[in-house]
Colleague: 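Have a look at this one.
Numbering starts at 1 and runs along the sequence shown. Both backbone and side-chain heavy atoms feed into the values below; hydrogens, waters and symmetry mates do not. Not measured: the values here are computed from a predicted model.
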Amino acid sequence: MARNSTYNILMYSHDTYGLGHIRRSMAIASHLLGPRVNILILTGSPIAGRFPFPEQIDYVRIPGMIKRTNEEYLPLSIKINARHALDIRKNIITATVKTFQPQLFIVDKEPLGLKREVLPALQWLRRNRPGTRTILGLRDIMDDAQTTRQEWRDKGVYQILEELYSEIWVYGNRELYDPIREYGISDAVSAKIHFTGYIPRKVPSPEGVQNVRKEHGLQEGDKLVVVTTGGGGDGFTVMDTYLKMLETAPAPFKSILITGPFMPKSERKNLNKRARKQGARLYHFYRQMEKIFAAADVVVSMGGYNTLCEILTQRTVSLVIPRETPRKEQMIRARTFKRQNLIDYIPWDDLTPELLRQRLMGLIAEPQICREAVARFRLTGIDTMKQRLKEFRG
């Protein structure tokens, strides 16, 4: 690369319904910045504009899609045929790759993109820019082994991993969960895999954390429970159960609920009215999650990858209520992290207001085991990726 030229990194994040993909992409992008590095994010997230983008990072918005089932997607906003919306997305992705001409192309989670929309771009790079490094970034757990193997066989993913990707970055620790073994990955593909470790988030200053507690009327000694359901599209049951717990009997702690921007408006109105009666605060979107997590004594969540990375970064005690459909990813992660004493969890079908209160009171009264395990845990993902980038650039 010429001394004064830029190093262009393109990131693809399909973002159908939730916050996880865009939050992960933003976390990675903000840490890979450097002198003469440009980063462009291809995203379908309808709320990408709510995030602050540092200089040298920008995004291209492709039409949003919403998942109805694991295989069926519909346009999120524009009223056109799903096939037409996908064609628009594919054409934008391919045109961006050809025009931006990245030295590094990072594809998040879906090896072929949504409905194979990234495949033409990968093939073009292979033919026309063979020096571009193509990276597939995978979260620690995709789904249960049998489902993932079948899905990857049906979609031809194993062949794509072998032929069109330079490397695969797994954003997790192999000793906790080994996708090479679980998903039947061949020796040829496993040779490309780098386990980066989990991806850390910002750590706010102690003053910033104290300011958050003051803003929410917390006195010294007050306990705070924060409840979050990520994007919120499927989070009503958790929020509803939590409020039923408060409605049954007063709790000896303060509560902040963050529904997520994708929770249906009718459900948010229901929760907001009930939360006010219980003296709990409710937000539909909170811009600086790292501060509210650091201010909390316990965070209740559904255990998505990004949420747990944020909670672990802040060294906060966590209670997870993982969903088991349409994928078992959250349940598998909850069990895996529980074995390491990093979290406690309640299986979805066991969730009741009474059990929720019991677990929360236990974690508030005796948080030591979880705190000690979390304090020892290291999130090394950014350091590993920075090292890889340094080696790529020579």
Side-chain angles (χ1 to χ4, degrees), residues 20-21 23-34 106 108-109 135-142 167-182 190 192-206 208-209 226 228 230 288-320 322 329-330 332-345 363 366-392:
H21 301 288
R23 279 160 59 191
R24 181 162 58 239
S25 295
M26 287 295 300
I28 293 170
S30 63
H31 285 94
L32 293 185
L33 272 181
I106 303 175
D108 184 65
K109 181 182 174 288
I135 308 296
L136 174 64
L138 295 178
R139 66 187 181 216
D140 55 346
I141 299 162
M142 301 296 291
E167 292 187 3
I168 300 159
W169 292 351
V170 177
Y171 305 137
N173 297 353
R174 189 176 186 180
E175 58 269 26
L176 294 188
Y177 189 87
D178 185 1
I180 295 175
R181 181 186 67 247
E182 297 292 336
S190 63
K192 302 180 181 184
I193 293 180
H194 295 263
F195 287 86
T196 68
Y198 291 88
I199 301 174
R201 301 302 197 267
K202 294 178 182 176
V203 177
S205 67
V209 175
V226 172
T228 177
Q288 295 180 307
M289 293 294 282
E290 68 276 5
K291 289 185 178 180
I292 202 72
F293 285 170
D297 293 279
V298 179
V299 175
V300 178
S301 77
M302 294 170 68
Y305 176 89
N306 296 282
T307 299
L308 284 183
C309 283
E310 289 170 341
I311 295 168
L312 289 170
T313 298
Q314 309 310 328
R315 310 297 191 214
T316 304
V317 175
S318 177
L319 177 63
V320 172
E329 164 227 341
Q330 291 183 352
I332 296 169
R333 184 179 299 110
R335 290 172 178 163
T336 300
F337 278 32
K338 170 64 175 175
R339 286 195 291 269
Q340 303 295 320
N341 290 320
L342 295 169
I343 65 160
D344 193 7
Y345 83 97
L363 287 171
E366 298 182 2
Q368 292 85 353
I369 292 177
C370 186
R371 279 183 178 164
E372 290 170 4
V374 169
R376 292 192 300 269
F377 192 72
R378 295 291 175 262
L379 294 87
T380 60
I382 295 301
D383 290 339
T384 304
M385 283 184 271
K386 281 184 174 180
Q387 182 60 37
R388 296 304 300 152
L389 182 58
K390 184 178 178 181
E391 293 176 16
F392 293 163

Colleague: Considering only heavy atoms from C-beta outward, does the side chain of Y177 approach that of V170 to under 4.5 Å?
Modeller: no
Colleague: State, to 0.1 Å, how close L363 and S318 come at their nearest heavy-atom pair, and which atoms those are.
Modeller: CD1-O, 4.2 Å
Colleague: I would like to know whether R333 and I343 meet side chain to side chain contact (heavy atoms under 4.5 Å, CB included); could you show each step before the answer?
Modeller: CA-CA 10 Å; R333 184 179 299 110; I343 65 160; over 6 Å; no
Colleague: Just wondering, are more than 12 heavy atoms of other shown residues or ligands nearer than 6.0 Å to CD1 in I369?
Modeller: no
Colleague: Would you mind reporting whether F293 and P204 have side-chain heavy atoms less than 4.5 Å apart?
Modeller: no
Colleague: Without swapping roles, check the side chain of T313 against the backbone of C309 for a donor-acceptor pair under 3.5 Å.
Modeller: yes
Colleague: So, taking the atom named CG in L32 and the one named CD1 in I106, what distance separates them when rounded to the nearest 0.5 Å?
Modeller: 5.5 Å
Colleague: I need the minimum non-hydrogen distance between R371 and D297, along with the two atoms involved.
Modeller: NH2-OD1, 4.3 Å
Colleague: I want to check something: taking the side chain as every heavy atom from C-beta on, are R174 and I180 in contact at a cut-off of under 4.5 Å?
Modeller: yes
Colleague: Can any side-chain N or O of T380 pair as donor or acceptor with the backbone N or O of D383 at less than 3.5 Å?
Modeller: no
Colleague: Any chance you could measure L33, atom CG, to I28, atom CD1, to the nearest 0.5 Å?
Modeller: 12.5 Å
Colleague: Going by atom types alone, do E310 and Q314 pair a side-chain donor with an acceptor below 3.5 Å?
Modeller: no
Colleague: Rounded to the nearest 0.5 Å, what separation is found between the CD1 atom of I199 and the NE2 atom of H31?
Modeller: 10.0 Å
Colleague: Donor-acceptor pair, R139 side chain versus G172 backbone, under 3.5 Å?
Modeller: no
Colleague: Relative to the ring of F337, is the ring of Y198 parallel (under 30°), tilted (30 to 60°) or perpendicular (over 60°)?
Modeller: perpendicular
Colleague: So which atom in A295 and which in V209 form the shortest heavy-atom distance, rounded to 0.1 Å?
Modeller: CA-CG1, 3.6 Å
Colleague: Mind checking the OG1-CG spacing from T316 to L308? Nearest 0.5 Å is all I need.
Modeller: 11.5 Å
Colleague: Checking N306 against R201: is there a side-chain donor and acceptor pair closer than 3.5 Å?
Modeller: yes
Colleague: Counting only heavy atoms not in K202, do more than 12 fall under 6.0 Å of its NZ?
Modeller: no
Colleague: Under 3.5 Å, is there a donor-acceptor pair between the side chain of Y305 and the main chain of Y171?
Modeller: yes
Colleague: When you compare the side chain of D140 with that of L176, does any pair of heavy atoms fall below 4.5 Å?
Modeller: no
Colleague: Does V374 reach the side chain of L312, with side-chain heavy atoms less than 4.5 Å apart?
Modeller: yes
Colleague: Is the backbone N or O of M26 less than 3.5 Å from a side-chain atom of R23, with the two atoms forming a donor-acceptor pair by type?
Modeller: no
Colleague: So which heavy atom on C370 is nearest to which on L342, and how close?
Modeller: SG-O, 3.3 Å
Colleague: Looking at CG of N341 and CZ of F377, how far apart are the two atoms once the value is rounded to the nearest 0.5 Å?
Modeller: 12.5 Å
Colleague: Show the nearest heavy-atom pair for residues N173 and G197, with the distance to one decimal.
Modeller: OD1-CA, 3.1 Å
Colleague: Please report the interatomic distance NE2(H194) to OG1(T384), rounded to the nearest 0.5 Å.
Modeller: 10.0 Å
Colleague: Take a 6.0 Å sphere around CD of Q387 and say whether it holds more than 12 heavy atoms from other residues, nucleotides or ligands.
Modeller: yes
